[in-house]
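The structure under discussion appears below in the form of structure tokens.
So that the names make sense, note that chain A is the first sequence line, chain B the second, and so on, each numbered from 1. In what follows, every heavy atom counts, from backbone to side chain, and hydrogens, waters and symmetry copies are set aside. Predicted model, so just to flag it, every value in this text is computed and none were measured.
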Amino acid sequence: MQKKLIALAVAGLVSVPAFAQSNVTIYGIVDMGYKYQGDNVNSSVKNRNAIDSGISGGSRIGFKGTEDLGNGLKAGFVLEQGILADTGTSDQSGRTFGRQSFVSLSGGFGTVAAGRQYTPAHAILAGNIDPFGLGKATAGSIANFYISEARLDNLLAYVSPTWGGFNFVAGYTFNASGNEQSPKLGGTSATDVRAWTIAPTYKNGPIYLAANYHKLDPLESGEPSTKVWDLAGTYDFGVAKLGAVYGQRKVDDVKVKQWALTGAVPVGAAGKVQASYGQRKVDADGAEPKVSQWALGYEHALSKRTALYAAYAQQNQNREQEAISRGDFGSDAKALFGAGIGDASDSGAAGYQRGFNLGVRHSF
Amino acid sequence: MQKKLIALAVAGLVSVPAFAQSNVTIYGIVDMGYKYQGDNVNSSVKNRNAIDSGISGGSRIGFKGTEDLGNGLKAGFVLEQGILADTGTSDQSGRTFGRQSFVSLSGGFGTVAAGRQYTPAHAILAGNIDPFGLGKATAGSIANFYISEARLDNLLAYVSPTWGGFNFVAGYTFNASGNEQSPKLGGTSATDVRAWTIAPTYKNGPIYLAANYHKLDPLESGEPSTKVWDLAGTYDFGVAKLGAVYGQRKVDDVKVKQWALTGAVPVGAAGKVQASYGQRKVDADGAEPKVSQWALGYEHALSKRTALYAAYAQQNQNREQEAISRGDFGSDAKALFGAGIGDASDSGAAGYQRGFNLGVRHSF
Amino acid sequence: MQKKLIALAVAGLVSVPAFAQSNVTIYGIVDMGYKYQGDNVNSSVKNRNAIDSGISGGSRIGFKGTEDLGNGLKAGFVLEQGILADTGTSDQSGRTFGRQSFVSLSGGFGTVAAGRQYTPAHAILAGNIDPFGLGKATAGSIANFYISEARLDNLLAYVSPTWGGFNFVAGYTFNASGNEQSPKLGGTSATDVRAWTIAPTYKNGPIYLAANYHKLDPLESGEPSTKVWDLAGTYDFGVAKLGAVYGQRKVDDVKVKQWALTGAVPVGAAGKVQASYGQRKVDADGAEPKVSQWALGYEHALSKRTALYAAYAQQNQNREQEAISRGDFGSDAKALFGAGIGDASDSGAAGYQRGFNLGVRHSF
């Protein structure tokens with residue numbers, strides 16, 4: 001195919017190949033709203049008012065397609081770009097297709113996919129546990145305190161078929177180095193890593209159960225490994241869907257325990273009340289600084305594609321900042337401490353924070 | 001919606017959501033041509049011959065869509081990327097959707113839009129006054145001497161309904177700071193700002209009248225505010241459409257007065273002669289350096305989507321360079337001085353410049 | 001058109017222009033696979049295992065369209081972005097549409113195109129000679145040793161009509177400088193250049209013959225010119241298509257001679273065996289370091305759009321490294337030495353290399 005395409009180009013230098021356009025579907029979200037952040041400690045940003053992008057769901061544009069190869073085999077691709085629509089720039093540190101970019105082959109054997117993809121942990125939390133969808137900038141998201149790797153570069157992933165509600169995802173990133181841009185953790189500043197991940201899930205009627213384990217081994221010697229496991233589940237009572245998650249992260253000697261309780265209550269045909277409470281606690285050297293957060297939100301669907309949303313959340317940080325400053329946990333510990341409310345890149349310096357947001361999310 | 005989409009992704013890790021593709025329209029312009037620039041003073045570029053992008057209109061690709069929400073309410077989005085097609089790079093300093101990126105809700109109340117958007121001033125000048133469409137690289141554009149902010153990040157804009165030909169646009173950018181990329185002026189190197197803008201327009205038959213006021217307050221203390229107002233109008237006599245604009249910009253103590261007279265004359269069904277003359281003058285400290293430019297162009301439509309164009313312009317700069325060098329206007333004044341002919345990023349050092357261009361603009 | 005579009009925007013500030021979507025075709029490739037590279041000398045990367053993008057063909061997404069202007073005249077555009085799908089970033093050093101971005105006018109006179117485009121040399125090698133399609137990351141590609149400029153910025157190209165199988169391509173990049181991003185060689189670190197290129201080809205039944213000459217004159221004085229010519233041809237015997245290419249590059253005093261023999265053998269309806277052997281030799285100062293490579297591959301089409309591929313190649317480098325280190329060829333010579341197997345950005349330090357890859361290429 002490649003050769004044929006280029007051959008056409010040679011004939012005219014201005015020709016390029018194309019299959020029927022129906023091969024490609026364009027989709028995305030533009031989510032913009034007002035966001036307020038405030039805190040009571042000596043942060044440089046006491047009160048922040050802003051028009052922000054991606055509050056309840058990251059703004060994005062994606063291109064995807066599938067091809068039926070016959071015999072139950074399918075090929076597919078996804079190229080999805082994160083957008084900071086308030087400034088017209090690319091999200092995920094400026095990557096072009098930083099949200100997802102992979103090719104896949106599916107069949108009776110399951111699905112094999114290669115490229116930049118979500119971690120199973122992220123898929124569990126964002127798709128099932130967090131009623132705010134793990135929106136990275138919303139006040140309500142458990143991502144404001146529950147730490148989790150979002151994506152892996154160079155990931156070779158396998159998704160099993162579903163057997164009576166059970167399936168699993170397994171993934172590996174090879175030991176790339178040299179000129180290759182090696183696997184890096186999505187959204188964190190961690191060093192290059194080789195990653196293993198496995199996540200079984202069970203879904204049957206109102207019940208959803210999931211587990212996740214992943215291990216990140218830095219390619220540079222001297223850097224500590226990160227070992228992560230999470231247990232999660234939800235039960236849909238109809239009048240409300242309740243969920244819970246518990247997880248542990250161990251980086252070198254530092255262990256972080258984190259958990260959340262979540263709930264979503266439908267209100268009429270178009271409304272939904274969202275709530276969550278949770279904590280993150282560091283077990284190290286006797287000191288036990290912790291962060292806790294509660295959040296309440298409401299989302300109102302104007303259509304299947306467009307919704308208005310509002311959320312309020314409050315976060316208390318107990319001695320985290322002073323402990324970090326003192327170096328109680330070593331230099332690695334700093335990377336363990338999450339974001340302030342509604343801002344995953346904040347250093348979490350504040351002892352008390354609250355956030356409010358109000359916006360519109362339009363899918364296409 | 002968000003949650004449902006991600007839930008799908010969890011099931012397979014490789015699934016992504018999509019609505020019918022008809023939600024999205026792809027549009028754009030690829031504009032390429034030959035450009036000559038020459039000047040008579042000791043600039044490093046005496047004579048420049050080039051194949052350039054975006055001469056009569058910035059090359060771009062955009063994605064947009066609207067959704068009918070019922071009850072007269074509509075949601076919509078625009079993601080528009082500027083392209084330097086001669087080198088295959090992004091325009092607007094490399095931004096992904098640097099031309100426009102916003103979401104909007106429209107109804108009987110008007111339109112509310114949030115994101116990166118044009119300033120009303122730019123819309124007035126580009127869409128109505130400049131017969132060259134404010135093309136940033138064309139020899140003819142009044143943008144070569146008439147200074148105006150093109151876009152604002154983080155803008156919350158309101159567009160009123162039209163009452164008997166009258167409507168207005170109002171906009172505000174919140175006081176964002178901290179980790180947020182704060183509003184910056186499109187196309188200038190100015191500091192982060194909080195911006196106010198209001199622009200009433202009146203359009204009735206052959207008459208078009210518009211006014212603009214905007215104020216840019218830097219977030220960093222010590223930086224001067226910029227206050228801008230413009231008055232503009234056109235009258236369409238049928239055989240010709242004549243226009244005029246007068247504006248003032250005040251940055252700290254430095255006041256800039258600028259004006260232009262413009263005209264467009266249809267020639268047959270497909271042709272159009274474009275002409276403009278104008279000046280920019282600085283009122284400060286007794287010195288009155290000024291720039292004046294005249295331009296003549298012709299555009300020939302090969303179809304509704306494709307046109308050939310040619311333009312010639314000549315610019316005289318009276319003492320601007322030496323005044324700037326002496327520091328007559330303070331360091332802030334430098335940012336007030338516009339571009340050389342057909343090159344908005346040129347420092348405008350030349351005392352005399354002329355430019356010629358010839359190219360093709362293809363819209364899709 | 002431009003003015004009308006912007007006029008619409010003025011009315012609402014949120015409107016943008018659009019023609020029917022059928023104007024634009026979206027196409028592309030996502031190519032991902034496993035890649036092994038090994039070598040026997042003191043390189044820092046002895047054994048590299050990775051999941052890589054674009055092995056048998058650069059991953060990409062493109063937008064293109066044509067418009068019938070009547071009277072046999074057509075306008076068209078191509079905007080094509082290279083993608084490193086393993087990390088979700090842009091290829092071609094991060095350029096947005098780094099593969100191709102141009103506008104064209106075609107008619108009985110041929111085609112004139114302006115923008116960033118392939119060199120004729122690249123089109124000849126990739127489309128006709130190399131059975132691996134000059135895939136930049138595949139073990140098999142002759143690009144691992146046969147040096148050739150891939151693209152030119154700011155190129156004004158002319159493609160002649162075809163007379164009895166004969167046609168030619170000619171191109172020129174103007175002497176841009178100043179604020180203009182000047183023509184740079186695609187994929188090399190060379191300085192800004194003004195380029196000339198001409199390439200006649202003949203195609204008739206099983207016969208394909210092509211010649212290429214291009215000259216790159218750096219804009220900065222003191223930099224040496226590069227003069228390149230290539231002769232190439234293939235003959236399709238049906239059971240096999242055999243090809244050959246010979247070329248010379250002269251940079252200042254250093255002359256490089258390079259050649260390759262290639263073959264492709266169809267296996268059944270869906271398979272294809274690919275093979276190539278070739279050398280690059282430097283003629284300078286008595287020293288004659290050389291690189292030779294042989295490659296064997298197999299490609300199996302799952303459909304017209306999707307293929308599996310595998311390739312193995314081995315490369316021997318005779319004294320190149322030591323000769324470069326000694327400075328036998330001057331500092332300019334370093335740029336002449338190509339890549340290691342399957343990695344065009346490798347410095348070619350190794351004396352012996354081998355590579356293997358296995359992957360899937362999905363076109364859309």
Turns out that what part of L125(A) lies under 4.5 Å from chain B's heavy atoms comes down to neither
Looking only at G76(B), S90(B), S93(B), the option with the highest number of non-hydrogen pairs under 4.5 Å against chain A is G76(B)
Original post:
With a 4.5 Å limit on heavy-atom distance, are the side chains of M32(B) and I51(B) in contact?
Top reply: yes
Hey, what's the ring geometry for H122(A) with Y118(A), parallel, tilted or perpendicular (30° and 60° as the breaks)?
parallel
Turns out that what part of A85(A) lies under 4.5 Å from chain B's heavy atoms comes down to both
**Prompt:** Should the ring pair F97(A) and F63(A) be called parallel, tilted or perpendicular, given that the plane angle runs from 0 to 90° and is split at 30 and 60?
**Reply:** perpendicular
| Is the number of heavy atoms from other residues, nucleotides or ligands under 6.0 Å of K215(B) NZ greater than 12? | yes
Honestly, the part of I83(A) sitting under 4.5 Å from a heavy atom of chain B is side chain
